[in-house]
Asker: 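Please read through the structure below; I'll follow up with questions.
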Amino acid sequence: MTAVFGVDIGGSGIKGAPVDLARGALTQERYKVLTPQPSEPEAVVAAVREVVRHFDHRGPVGLTFPGVVVGGHTRTAANVDRGWIGLDAARLFREALDLPATVLNDADAAGLAETVHGAGRGEPGVVLVLTFGTGIGSALFVDGTLVPNTELGHLELRGKDAERRASSAAKERHDLSWEQWAERVDEYLDLVEMLFSPQLVVIGGGVSRKHERFLPLLRDREARVVPAALRNDAGIVGAAMAAARAAR
């Protein structure tokens, strides 16, 4: 099929690249721009257009979004401008790019990539992929099937959204050491393990490239906890996978 392109829209950066779907890998070095502030739809669309045109791409495009996405419509916007709520984002990107466009939750995209090409490949039972970045994204799989839009970063922990305490942005915001942050991550993992009893937890997001700094500090638990194999490229790969599936 025509080359497929993935774009990962985050709270701080927007990055994209063409993807080799057979290998689950980028075919060129990704191109990244800062997420506009404020992250209003028109500004974000312009940034996405810059990323896609950087590669002169002319095929299907998959795009992640940091919030709930149902039928191409963005339903929530915890870490981006509230103007996204209720938008037909798929149509917005399709018209702006003049290309086929598919939109899905960012952590769901990362989870798709990790369960097909990465650390969750071939894993039976309940697998939970967590992305630690501006917030905490989650992707829940049961025997390889995605349960979309779980948004477990918004579970309540000590009276507030868990991502306010345990995201990698919270680590930076509160100037936490790796040891201090690992204690917060452990507390969060206790909560999700109690609720979902996963056999495997895959830790992704930008902080996954430094996994050796904090994973050894986490307590032993029933679930195996491993770093994402695709690191922070997982969202791009998963977005391209979703676009390819939609184009079939």
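Every value quoted in this text rests on a predicted model; they were computed, and no experiment measured them. No hydrogens, no waters, no symmetry mates; every other heavy atom, side chains included, goes into these values.
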Asker: Are the side chains of Arg75 and Glu151 in touch, meaning some heavy atoms are under 4.5 Å apart?
Answerer: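 The answer is no; the side chains never approach within 4.5 Å.
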
Asker: Check whether any side-chain heavy atom of Leu195 lies under 4.5 Å from a side-chain heavy atom of Leu155, and answer yes or no.
Answerer: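 Yes. Closest side-chain heavy atoms under 4.5 Å.
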
Asker: Output yes when a side-chain donor or acceptor of His117 lies under 3.5 Å from a complementary backbone atom of Leu21, and no otherwise.
Answerer: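 Answer holds: yes.
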
Asker: Just by modelled atom types, is the Asp233 backbone N or O under 3.5 Å from a matching donor or acceptor in the Asp8 side chain?
Answerer: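 No, the answer is negative, given that no donor and acceptor are paired below the 3.5 Å cut-off.
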
Asker: Other than Phe55, which residues form its hydrophobic cluster under the rule that side-chain heavy atoms must be closer than 4.5 Å?
Answerer: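 When side chains under 4.5 Å apart are linked, the cluster holding Phe55 also contains Phe5, Val7, Ile9, Ile14, Tyr31, Val33, Val44, Val45, Val48, Val51, Val52, Val61, Leu63, Phe65, Val69, Val80, Trp84, Leu87, Leu92, Phe93, Leu97, Leu99, Val103.
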
Asker: Please tell me whether Leu146 and Phe196 are part of a single hydrophobic cluster in this structure, the criterion being side-chain heavy atoms less than 4.5 Å apart.
Answerer: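 No, separate clusters.
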
Asker: Going by side chain to side chain donor-acceptor pair (under 3.5 Å), name the pairs with one or both residues in residues 190-219, residues two or more places apart or in two chains.
Answerer: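 For residues 190-219: Asp190-Arg219, Asp190-Arg221, Glu193-Arg221, His211-Arg231.
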
Asker: Could you tell me whether Arg224 and Glu123 make a salt bridge, using a distance below 4.0 angstrom between a side-chain N and a carboxylate O?
Answerer: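 Salt bridge: yes.
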
Asker: For residues Tyr188 and Trp181: do they belong to one hydrophobic cluster (side chain heavy atoms under 4.5 Å, members Ile, Leu, Val, Met, Phe, Trp, Tyr)?
Answerer: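 Linked within one cluster.
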
Asker: With ILVMFWY side chains joined below 4.5 Å, transitively, what does Val70's cluster contain besides itself?
Answerer: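 The other cluster members (ILVMFWY side chains, heavy atoms under 4.5 Å, direct or chained) are Val68.
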
Asker: Any side-chain to backbone donor/acceptor pair from Lys171 onto Leu176? Under 3.5 Å, distance only.
Answerer: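 Yes; at least one donor-acceptor contact below 3.5 Å.
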
Asker: Any chance CZ of Arg49 has more than 12 other-residue heavy atoms, nucleotides or ligands included, within less than 6.0 Å?
Answerer: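 Result for CZ/Arg49: enclosed.
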
Asker: Any side-chain to backbone donor/acceptor pair from Asn105 onto Gly67? Under 3.5 Å, distance only.
Answerer: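 Looks like yes, one N/O pair under 3.5 Å.
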
Asker: Do Ser39 and Asp81 come within less than 4.5 Å of each other through their side chains, counting heavy atoms only?
Answerer: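 Counting from C-beta outward, Ser39 and Asp81 do come under 4.5 Å.
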
Asker: What I'd like to find out is whether the side chain of Thr76 reaches to under 4.5 Å of the side chain of His154, using heavy atoms alone.
Answerer: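 Of all side-chain heavy-atom pairs linking His154 with Thr76, none is under 4.5 Å.
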
Asker: Are Trp178 and Val226 grouped together when hydrophobic residues (ILVMFWY) are joined by side-chain heavy atoms under 4.5 angstrom apart?
Answerer: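 Per the 4.5 Å side-chain linkage, Trp178 and Val226 are not co-clustered.
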
Asker: With distance as the sole criterion, is a donor-acceptor pair present between the side chains of Asp20 and Thr27 under 3.5 Å?
Answerer: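 No donor-acceptor contact under 3.5 Å links the two side chains.
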
Asker: Do Val202 and Leu128 make a side-chain contact, defined as non-hydrogen atoms from C-beta onward lying under 4.5 Å apart?
Answerer: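 No. Closest side-chain heavy atoms not under 4.5 Å.
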
Asker: If you draw a 6.0 Å radius around CZ in Arg173, do more than 12 non-hydrogen atoms from other residues or ligands fall strictly inside?
Answerer: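 Enclosed.
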
Asker: Without swapping roles, check the side chain of Glu114 against the backbone of Leu230 for a donor-acceptor pair under 3.5 Å.
Answerer: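 Checking the backbone N and O of Leu230 against the side chain of Glu114, a donor-acceptor pair under 3.5 Å is found.
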
Asker: Thr150 side chain to Ser138 main-chain N or O, any donor-acceptor pair under 3.5 Å?
Answerer: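 Checking the backbone N and O of Ser138 against the side chain of Thr150, a donor-acceptor pair under 3.5 Å is found.
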
Asker: Any link between Leu112 and Leu200 through a network of hydrophobic side chains (Ile, Leu, Val, Met, Phe, Trp, Tyr) touching at under 4.5 Å?
Answerer: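 Both belong to a single hydrophobic cluster.
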
